[in-house]
Amino acid sequence: MRLSSMPIATQKEAPADAEIVSHQLMLRAGLIRKLAAGIYSWLPLGLRVVRKVERIVREEMDRAGGLEVVLPSVQPGELWRESGRWDYYGPELLRFSDRHERDFCYGPTHEEVITDIARRELRSYRQLPVTFYQIQTKFRDEIRPRFGVMRAREFVMKDAYSFHIDAASLHETYQVMYAAYSRIFERSGLHFRAVEADSGAIGGAVSHEFHVLADSGEDAIVYSNAGEYAANIEAAAAPPPAHERPPAGPAMEKVATPNAHTIEDVCDFLDVPASSCVKTLFVCGDHDNEVVALILRGDHELNAIKAAKLPGIADPLQMATAAQILQAAGSNPGSVGPVGLGCLTYTDLSAANLADFVCGANEDGFHLRSVNWVRDLDETSSADLRNVKKGEASPDGHGTLEIARGIEVGHIFKLETKYSDPMGAKVLNREGKSIAMPMGCYGIGVTRIVAAAIEQNHDERGIIWPAAIAPYQIMIIPINLPKSARVREAAETLYERLGRQGYEVLFDDRDARPGVKFADCDLLGIPVRLVIAERGLDAGTIEVRDRRDSDSENIEIDSLDDYLQDRLAVSE
RNA sequence: CGGGGCAUAGCGCAGUCUGGUAGCGCGUCUGCUUUGGGAGCAGAAAGUCGGGGGUUCGAAUCCCUCUGCCCCGACCA
């Protein structure tokens, strides 16, 4: 492709609302343009990257035995009522009605549609297992779309669904998909980590997420510094207390704590560590205006996912209002505590193991110290309610936990019969009995991979594409093209030859100064830069530069083929 | 949804307080010049100042209203 005939609109300055580096670079390099909040157009260079990712995904899905389909993006609401998600999914589901006032939605995911296909098409265990996949546009009406295509409302996703006769078969395919996902991210040139995860709105029991490691990631992932363990912090089980609860000490006393409203204030005021305090959080219960109290140690963070799974607590988790708290505790937030509470209460395992702790007195401006379970208040139901912390023991018994940031680019689930059961997707088994098919579900954020790749591969000059997903592999930059017939001749010949050899080549034949071309080449992140100039022609060499390196080198023109083959080798 | 902020040329911004009919940098176009890291000179095009309403002789500027966008948001007990 000649740059003279491609309007690449590179920019020196990024739009002010682009926050993270991938978003800025995608705009500056002219890969995408925003149409509305969370809705983006893909320009030619950006689309080429998307297509490259799609190709890798498609090859690996095919290799894993998947069958490609395309399911409608507009789906009847009726189907969603059948699965129960018309009500459960919430405002993220973009709903509308047609001219007959029938409910429809734009698909945020496709379990309902594929399960409908399966119940119509699959009759016998002999047809199983089978895996369908598609690469298609989804729409999720996110509360806060941000970071460009990283968290967009409209995005391209690969979703796959497998159907089985039993759990063993599902497990087998799950493992195959796990391996396929690992290959996809490896081939895309990404540093990633597979972690145990919560399955969220899609449902099901077992799931793993694939995270691209990057500081800008929205998820916290925890992993053992010595063993294999890795999990999303949402799903990571906190280790139970290592020792028995210590015996109770001095009698409970009420102390005035004027103007101390936060754990930090109270700790400073009473000169105790946060780990000897408990905090009491109120969340909404299952029923109107009911609240549930959650007791955690002062130095621990609530894990909303864990809490929302407990009986009696609204899912998703919602904090109580100040008015509800006042009614339940008899005092304002800042002085509330578990002693004398009448509402349903859960205590985190670590908080339940404390003795002689400090908590709010349910009286404004007062706290209690030397509080002890059993002696001063009844024990409550206890559960794991908190996030794990860096340095805690890994659940697999090897090493301690580290915390890193990750961008979720893939997620695989064992759905079991969550959809096939209510929607009646059944087949006859070997015994002639009709059973609901266990299902698996496997998603990859195709467009998010593009952004994640940039987050992980860039420098101050621009993008550094992994070779496998670069929009073009090679940029040819001639020096003084307008004046030098030799340079023109050599550049044209090389451009023509490399194209014939199957390379994807950009030829910067614009009438621009070299500095402009170098800057654009760096910004666009083309893996190999070839400079054609008089001095190299005299010496019989060509100047090559790997985008990952800061310096170029001159190589014999004869060895160019070997260099390119080596540098641009793509695993298949 | 709550809180905060922004909206002026393709991009980045000034001008708003103190009303007088819109400017800077980058980019774009033309010409000359230049050609190894975003050159220089000369000229040019391009803006319903987010929409609507109001005040005023006069509104980007003041008032009301609507819309869009951005950021933050239970971890406090």
Side-chain angles (χ1 to χ4, degrees), chain A residues 7-19 23-24 27-28 30 33-39 90-91 143-148 233 257 260-267 274 277-284 291 293-304 307 316-322 324-326 328-329 331-338 341 348 351 358-368 385-387 389 461-462 477-484 487 510-523 529 531-536 543 545 550 552:
Chain A
I8 59 163
T10 55
Q11 291 168 310
K12 283 186 190 171
E13 288 177 285
D17 54 13
E19 246 207 314
H23 190 195
Q24 294 170 351
L27 291 167
R28 285 186 51 207
R33 290 290 181 250
K34 182 167 81 172
L35 182 64
I39 302 180
I143 309 174
R144 254 186 79 192
R146 59 188 143 169
F147 304 150
I233 199 163
T257 49
H261 298 296
T262 67
I263 286 282
E264 200 182 334
D265 293 344
V266 173
C267 289
C277 297
V278 305
K279 53 185 176 187
T280 307
L281 286 66
F282 289 90
V283 300
C284 296
V291 298
L294 305 175
I295 315 296
L296 283 100
R297 230 168 67 179
D299 59 332
H300 286 158
E301 274 187 3
L302 174 66
N303 181 307
L317 196 72
Q318 202 188 345
M319 297 307 283
T321 63
Q324 285 175 310
I325 294 173
L326 182 59
S331 72
N332 286 297
S335 300
V336 297
L341 277 184
D348 180 69
V358 171
C359 65
N362 294 328
E363 184 178 335
D364 286 340
F366 289 90
H367 279 73
L368 299 172
L385 293 174
R386 66 181 179 93
N387 284 336
K389 293 172 74 174
R461 293 193 301 263
I477 297 184
I479 303 293
N480 204 359
L481 190 68
K483 292 266 176 67
S484 170
V487 167
R510 294 176 299 174
D511 181 14
R513 295 166 60 85
V516 173
K517 298 185 179 186
F518 292 148
D520 277 346
C521 184
D522 288 343
L523 176 59
R529 186 182 82 186
V531 175
I532 309 292
E534 292 271 359
R535 56 168 105 146
E543 179 185 316
R545 199 203 63 173
S550 50
S552 59

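Note on naming: letters A, B, ... go to the chains in the order of the sequence lines (proteins, then strands), and numbering restarts at 1 for each one. These figures come from a predicted structure and were not determined experimentally.
The listed nucleotides are B:rG25, B:rU35, B:rG38; the one nearest the side chain of A:Lys483 is B:rU35. Taking every side-chain heavy atom of A:Arg146 into account, B:rC71 is the closest of B:rG10, B:rC71, B:rU35. When distances run from any side-chain atom of A:Asn480 to the nucleotides B:rG38, B:rU35, B:rG12, the shortest one goes to B:rU35. Closest to the side chain of A:Val516, from the set B:rC75, B:rC70, B:rG38, is B:rG38. The nucleotide whose nearest atom lies closest to any side-chain atom of A:Pro15 is, among B:rG38, B:rG12, B:rU35, B:rG12. Comparing atom distances between the A:Ala519 side chain and each of B:rC75, B:rC69, B:rG38 picks out B:rG38 as nearest. Taking the side chain of A:Ala16 as heavy atoms from C-beta on, and the options B:rC69, B:rG12, B:rG36, the nearest nucleotide is B:rG12. Candidate nucleotides B:rG38, B:rU35, B:rG12 were compared by shortest atom distance to the side chain of A:Glu13, and B:rG12 ranks first. When the nucleotides B:rG38, B:rC70, B:rC11 are ranked by their closest atom to the side chain of A:Thr10, B:rG38 comes out on top. Proximity note for A:Ala533 (side chain, C-beta onward) versus B:rG36, B:rG37, B:rC69: the nearest is B:rG36.
Separation of the P atoms belonging to B:rU65 and B:rG5 is 16 Å when rounded to the nearest angstrom. Atom name P, nucleotides B:rA22 and B:rC49: the rounded distance is 11 Å, in whole Å. Straight-line distance between the C1' atoms of B:rA39 and B:rG27: roughly 15 Å, to the nearest whole Å. If you take atom C1' in B:rU33 and the same atom in B:rC41, they sit 8 Å apart, rounded to whole Å. Taking atom C1' in both B:rG20 and B:rG3, the straight-line distance is 38 Å, to the nearest Å. Look at the C1' atom in both B:rU61 and B:rU8: the space between them is 11 Å, to the nearest Å. Of the C1' atoms belonging to B:rG38 and B:rG43, the separation is 23 Å, rounded to the nearest Å. Atom name P, nucleotides B:rG23 and B:rC63: the rounded distance is 25 Å, in whole Å.
A sub-4.0 Å separation between OP1 or OP2 of B:rC76 and a side-chain N or O of A:Lys279 is present. Proximity of A:Arg513 to the phosphate of B:rA39: a side-chain N or O atom is located under 4.0 Å from OP1 or OP2.
Rounded to a whole Å, the CG atom of A:Leu317 is 15 Å from the C1' atom of B:rG73. In this entry the distance linking CD of A:Gln318 with C1' of B:rC75 reads 16 Å, nearest Å. Rounded to an integer number of Å, the gap from CD1 of A:Ile8 to C1' of B:rG10 is 15 Å. Look at CG on A:Asp265: it is 10 Å from C1' on B:rC76, rounded to the nearest Å. Per the geometry, CG belonging to A:Asp522 stands 11 Å off C1' belonging to B:rG38, to the nearest Å. If you take CZ of A:Arg297 and C1' of B:rC76, they are 18 Å apart, rounded to a whole angstrom. Atom-to-atom, CD1 of A:Ile477 to P of B:rU35 comes out at 18 Å; the value is rounded to the nearest Å. To the nearest angstrom, P of B:rA9 lies 14 Å from CD of A:Gln11.
Salt bridge status for A:Glu543 with A:Arg529: present, with a side-chain N to carboxylate O gap under 4.0 Å.
Among the heavy atoms of the strands lying under 4.0 Å from A:Asp520 is at least one base atom, whether or not backbone atoms are also near. A:Arg535 comes within contact range of at least one nucleobase, with a heavy-atom separation under 4.0 Å. Residue contacts for A:Ile325: at a heavy-atom cut-off of 4.0 Å it reaches a base atom on one of the strands shown. Contacts of A:Arg529 with the nucleic acid, taken as non-hydrogen atoms under 4.0 Å apart, include base atoms. Contacts of A:Arg510 with the nucleic acid, taken as non-hydrogen atoms under 4.0 Å apart, are absent. Nucleic acid contact for A:Lys34: sugar-phosphate only, since backbone atoms but no base atoms lie under 4.0 Å from a heavy atom of the residue. Residue A:Ala9 is out of contact with every strand shown, counting any heavy-atom pair closer than 4.0 Å. Using a 4.0 Å heavy-atom cutoff across all strands shown, A:Glu534 reaches no nucleic acid atom at all. Within 4.0 Å (heavy atoms only), A:Val531 reaches at least one base atom of the nucleic acid. Note on A:Ala329: nothing from the nucleic acid sits closer than 4.0 angstrom, heavy atoms only. Using a 4.0 Å heavy-atom distance criterion, A:Glu19 is classed as a sugar-phosphate-only contact. A:Asp511 comes within contact range of at least one nucleobase, with a heavy-atom separation under 4.0 Å.
Pair assignment for B:rG68 gives B:rC6, based on Watson-Crick or G-U wobble hydrogen-bonding distances that are each under 3.5 Å.
The minimum heavy-atom distance between A:Leu523 and A:Gln11, with the atom names listed, is CD2-O, 4.1 Å. Of all heavy-atom pairs between A:Asp511 and A:Pro482, the closest is OD1-CG, 3.6 Å.
Position along RNA chain B of the nearest nucleotide to A:Gly536 versus A:Pro333 favours A:Gly536 as the more 5'-ward residue.
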